[in-house]
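Notes follow once the structure below has been shown.
None of these values were measured; they are calculated from a predicted model.
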Amino acid sequence: MSLQKSLMSLHRLITASAILLMVIFAACKKEKTTEQATIIQLITAKTSISKTEPLSLTLPASVPKGAIVKWKLIPSDSTTLTDSVYKVTISAKKPGQYLVIAILNGDSLHKYEKVITVTDVAYQPGQQRLKAITLVRTGQTYLNLNAAVNAAITNDSIEIPAGLYTNDFVNINKSLTIVGIGGMAHFIATIAPPNGKAIFLANADIKLDHIEMSGSAVADMNGAGIKQETGNLTLTYCYFHDNQDGVLTNAVTTGITVTNCEFAHNGAGDGYSHNIYIGATAQAVIRSSYFHDAVVGHEIKCRALNSLIEMCRIQNGSGSASYCIDLPQGGAAIVRQNFIEKGQNAQNPTVIHYGGEAVNQGSSLQVSSNTVLVLKAGDTFVNNQMADGTTALLSNNSVFGLTDNLMLAGMGSVLGTVHLGTQPAVDRSSLFHL
């Protein structure tokens, strides 16, 4: 009987313990749910970094030791993420906002997260190579760009550390993206390019980002930073200076897009070489860029069938440039929202030249909402020389140093001109160098 009582007592004890454990479990589960709903920011010294600058994030001390941590980065297609259990290092290749999430023990609710803002990298003048050039697809590194290009396949990306690359000439015959990392990858020519044309000679769709080029000079006076012979050329955050031609493209290229770039002091001094010279390509888009101080040649020369030049600074400064914009074959052209300065030492008395040579079919010219500063008396804003009777429309431009009779030579109309009472301020700050 005493055994039976003992067993009953044991049964009651087990039952009571089970109930107690259930209560404790329920309480813990409730507490855990509350904890899961709490989002705690990751610890970091700063939340804004420059592109490609590594950023280390560490989990708070409250995270239990032994927790299994899985890191997530959104978006993840343009970044490098290296994790070390409680710490993660991020190198972003594109500016923008990124969400960093640390998920504990596989529970997507039990997480720690932080939003970081990635700004674009500031200009860093090239001094020396920091490390080898990388072919992104394979991770293989190379000592020069020519070797990396030879190893690449179509549509590969190549990353080049900021630094100075002297006489690293390359012929590119496959579609590639070439990006300077951590600042400007500066390709400088101290001898004539062996191809007789350019530091980069391209025969495919090419994208360049954070690439600087200078010093290109050849016997025919058309040595370019890059010469695009076929395909599309896309330039972002690039800097071309002190070449015979900053950029030169053939007529057979598909198109060119230039954004946030600077062109300075290019030109051989012969009047046939320019800051940028675009052949009779299908399309040219130039925006948010700075063209200045071309040597005798034009700040922008473009023969494209369709041209858009907008939100740029196009300035002669004290230089000897000729036209600010030359569109010698006409084309469907829009020039809008630019700041244009015609300097005292300019070689030609016209700011924008249109036509005068071969005639592109479907031509039209719209020049609108620009701020124009003309420093030499008697210069003309737009000279329309289209032989087919194409008219120009000038509208809502704000001008200083121009009278109404100097707004347009040739056929067209002028509407809504604002004559500024005071000379507009000139912004000569570079996009890249100090």
Side-chain angles (χ1 to χ4, degrees), residues 213-217 221-225 238-249 256 258 261-279 284 286-304 307 309-329 333 335 338-357 367 370-383 385 397 399-402 406 409 423-424 426-433:
M213 293 185 176
S214 65
S216 183
M221 310 289 275
N222 268 315
C238 291
Y239 178 29
F240 298 88
H241 60 96
D242 301 290
N243 304 282
Q244 289 175 333
D245 281 295
V247 169
L248 180 61
T249 78
I256 180 172
V258 178
C261 294
E262 182 173 350
F263 294 76
H265 304 284
N266 297 290
D270 59 352
Y272 299 100
S273 48
H274 314 282
N275 257 338
I276 187 170
Y277 189 172
I278 301 169
I286 301 173
R287 61 166 56 98
S288 302
S289 294
Y290 183 25
F291 297 82
H292 62 100
D293 297 285
V295 182
V296 180
H298 309 314
E299 304 293 354
I300 299 172
K301 181 163 187 170
C302 181
R303 298 179 180 273
S307 301
I309 302 171
E310 64 178 357
M311 298 180 291
C312 294
R313 284 184 286 143
I314 306 165
Q315 300 169 193
N316 294 156
S318 59
S320 58
S322 295
Y323 301 129
C324 289
I325 300 173
D326 184 23
L327 307 169
Q329 292 180 212
V335 180
N338 303 284
F339 181 92
I340 305 174
E341 176 206 25
K342 187 70 172 173
Q344 288 275 11
N345 301 319
Q347 300 275 316
N348 193 289
T350 297
V351 180
I352 299 174
H353 174 247
Y354 185 70
E357 297 184 20
V367 181
N370 301 282
T371 299
V372 184
L373 169 61
V374 174
L375 295 173
K376 187 168 21 176
D379 282 5
T380 301
F381 181 31
V382 175
N383 185 6
Q385 293 188 316
N397 295 288
V399 303
F400 184 89
L402 286 167
L406 293 174
Q423 181 173 316
V426 180
D427 179 5
R428 301 200 190 281
S429 61
S430 169
L431 297 182
F432 302 113
H433 64 290

For residues [X] and [Y], determine if any side-chain heavy atom of one lies less than 4.5 Å from a side-chain heavy atom of the other.
X: Lys376; Y: Lys342; value: no
X: Ile256; Y: Ile276; value: yes
X: Val372; Y: Phe381; value: yes
X: Arg303; Y: Glu357; value: yes
X: Val351; Y: Leu402; value: no
X: Val426; Y: Phe339; value: yes
X: Ser273; Y: Asn266; value: no
X: Ile286; Y: Ile278; value: yes

Would you compute the distance between atom [atom1] of [X] and atom [atom2] of [Y] and round it to the nearest 0.5 angstrom?
X: Gln244; Y: Ser216; atom1: CD; atom2: OG; answer: 6.5 Å
X: Ser430; Y: His241; atom1: OG; atom2: NE2; answer: 9.0 Å
X: Tyr323; Y: Ile300; atom1: OH; atom2: CD1; answer: 15.0 Å
X: Leu431; Y: Ser288; atom1: CG; atom2: OG; answer: 9.5 Å
X: His274; Y: Phe291; atom1: NE2; atom2: CZ; answer: 13.0 Å
X: Thr380; Y: Asn348; atom1: OG1; atom2: CG; answer: 9.5 Å

Practice prompt. Measure across Ser318 and Asp293 and return the closest heavy-atom pair with its distance rounded to 0.1 Å.
Written response: N-OD1, 3.8 Å
Practice prompt. Taking all heavy atoms of Thr350 and all of Ile352, pick out the closest pair and write down the distance.
Written response: CG2-O, 3.2 Å
Worksheet item: Do we get Arg313 above Tyr290's six-membered ring, with its NZ or CZ under 6.0 Å from the centre and within 45° of the axis?
Response: yes
Worksheet, complete the sentence: The residue among Glu299, Glu262, His265, Arg428 that forms side-chain hydrogen bond (donor to acceptor under 3.5 Å, both in side chains) with His292 is Glu262
Worksheet item: When you measure from the side chain of Glu341 to the backbone N and O of Gln315, does any donor-acceptor pair fall under 3.5 Å?
Response: no
